[in-house]
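Computed from heavy atoms alone, side chains included, the values below leave out hydrogens, waters and symmetry copies.
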Amino acid sequence: MSDEFPDAVTVRIGKAVESELNAIELPENPIIERSYAEWDLQLNGAWQIEPSDRPQLDIVVHTTEVEIAHVAQGVLGFHVPVDVAIRKRFGKETQITSTGRIDVREIDALLKLHQAAFLSLFKIRLREYDNAAWKETNPIVAPWKDHLRELRQFTSIVRTTFTANLSRP
């Protein structure tokens, strides 16, 4: 079993999503990183990052929310949710002096990145792990308004669920 399955299904899906997103030209040239998120979906202060010229795009497989079902004799189906979170914290240079707000064009550009990430994973079979196929996608938030106001940060999340079958060796 050790060589037949080099990684867990969840890890293979996370790596394949990272590969998909790295293979395309995304707007805003984000820093793409797969991780086991240091946050939860309450979107509290742990989401805050340092200001940067480039947005951070995190790929997070939610291993605690994986659903496993018996598909056939000796075959299990894994339903694996993957969040793609986009974060960019703004410096004072993006602030409109008269209003104190972030320039709306900055937000527009990040919403384009959010949409591009969403569409790149929509109804596909992952090239790096072709056993994994798209099941559904749900935008969770884009943008999180409290983060814009309180952290001066754009935060969006798209959750895509992939399904992969695994046969018992």
Side-chain angles (χ1 to χ4, degrees), residues 9-67 78-124 126 128 132-163:
V9 171
T10 54
V11 174
R12 291 187 74 183
I13 288 174
K15 286 179 176 179
V17 169
E18 181 181 26
S19 179
E20 290 289 336
L21 292 172
N22 274 314
I24 61 174
E25 195 171 313
L26 289 169
E28 300 297 303
N29 190 26
I31 299 165
I32 299 172
E33 183 176 81
R34 186 175 64 87
S35 69
Y36 296 95
E38 67 277 1
W39 62 74
D40 57 30
L41 287 180
Q42 293 175 353
L43 298 175
N44 59 24
W47 282 77
Q48 186 171 345
I49 59 173
E50 292 299 316
S52 173
D53 292 338
R54 295 171 60 195
Q56 173 75 35
L57 190 151
D58 292 288
I59 299 157
V60 181
V61 175
H62 285 278
T63 56
T64 59
E65 296 180 28
V66 172
E67 294 178 7
F78 288 74
H79 303 290
V80 180
V82 180
D83 284 353
V84 175
I86 298 167
R87 299 180 290 167
K88 181 177 181 184
R89 187 151 172 235
F90 300 100
K92 291 194 185 283
E93 69 281 355
T94 59
Q95 181 175 313
I96 298 171
T97 308
S98 61
T99 64
R101 291 183 175 174
I102 299 165
D103 187 334
V104 71
R105 293 172 293 192
E106 294 280 341
I107 307 302
D108 293 346
L110 291 166
L111 284 170
K112 185 175 181 180
L113 170 58
H114 172 90
Q115 178 179 291
F118 168 87
L119 292 174
S120 70
L121 299 173
F122 183 65
K123 291 190 176 181
I124 66 165
L126 295 168
E128 294 289 321
W134 177 89
K135 180 182 176 200
E136 64 185 358
T137 299
N138 298 301
I140 294 176
V141 62
W144 183 250
K145 291 179 185 171
D146 288 350
H147 283 195
L148 285 175
R149 285 189 296 260
E150 297 166 16
L151 304 177
R152 303 191 51 69
Q153 176 176 298
F154 176 93
T155 302
S156 73
I157 306 169
V158 173
R159 175 163 290 179
T160 300
T161 302
F162 290 92
T163 299

Gap between atom CG of Asp53 and atom NZ of Lys88 - 0.5 Å precision: 6.5 Å
Taking the side chain as everything from C-beta on, heavy atoms only, tell me whether Val11 gets closer than 4.5 Å to Val61. no
Checking Glu150 now: which residues fulfil salt bridge (Lys or Arg N to Asp or Glu O under 4.0 Å) with it, not counting sequence neighbours? none
Candidate list Asp103, Leu151, Ile102, test side-chain contact (heavy atoms from CB on, under 4.5 Å), partner Phe90, passing option: Ile102
Which atom pair, heavy atoms only, marks the closest approach of Ile32 to Leu21? CD1-O, 3.7 Å
Enumerate the residue pairs fulfilling salt bridge (charged side-chain N to carboxylate O under 4.0 Å, His left out) with a member in residues 25-37, sequence neighbours excluded, ordered by first and then second residue. Glu18-Arg34
Can you give me every donor-acceptor pair (side chain of residues 113-122, partner residue at least two apart or in another chain, under 3.5 Å) with its distance?
unit_1: His114; atom_1: ND1; unit_2: Ser156; atom_2: OG; d: 2.9
unit_1: Ser120; atom_1: OG; unit_2: Ala116; atom_2: O; d: 3.4
unit_1: Ser120; atom_1: OG; unit_2: Ala117; atom_2: O; d: 2.9

How long is the straight-line distance from CD1 of Ile107 back to NZ of Lys112, given to the nearest 0.5 Å? 15.5 Å
Those residues at least two apart in sequence (or on a different chain) that pass side chain to side chain donor-acceptor pair (under 3.5 Å) with Asp146 are Arg149
Just verifying a value: how many Å separate Ile157 CD1 and Arg87 CZ, rounded to the nearest 0.5 Å? 9.5 Å
Partner residues of Arg101 under the side chain to side chain contact (heavy atoms under 4.5 Å, CB included) criterion, sequence neighbours left out: Thr99
Could you measure the distance from the OG1 atom of Thr161 to the CD atom of Glu65? Nearest 0.5 Å is fine. 9.0 Å
Indicate the atoms forming the closest heavy-atom contact of Ile59 with Gly14, along with that distance. CG2-O, 4.0 Å
Closest non-hydrogen contact found for Glu128 with Glu20 is N-OE2, 4.5 Å
Side-chain donor-acceptor contacts of residues 134-143 below 3.5 Å, not counting sequence neighbours, with atom names and distances?
unit_1: Trp134; atom_1: NE1; unit_2: Thr137; atom_2: OG1; d: 2.6
unit_1: Thr137; atom_1: OG1; unit_2: Thr160; atom_2: OG1; d: 3.3

Quick one: does Arg54's side chain have a donor or acceptor within less than 3.5 Å of a partner on Pro30's backbone? yes
Can you tell me how far apart CG (Asp83) and CZ (Arg159) are? Round to the nearest 0.5 Å. 4.0 Å
Rounded to the nearest 0.5 angstrom, the CD1-CZ distance for Ile13 and Phe162 is 7.5 Å
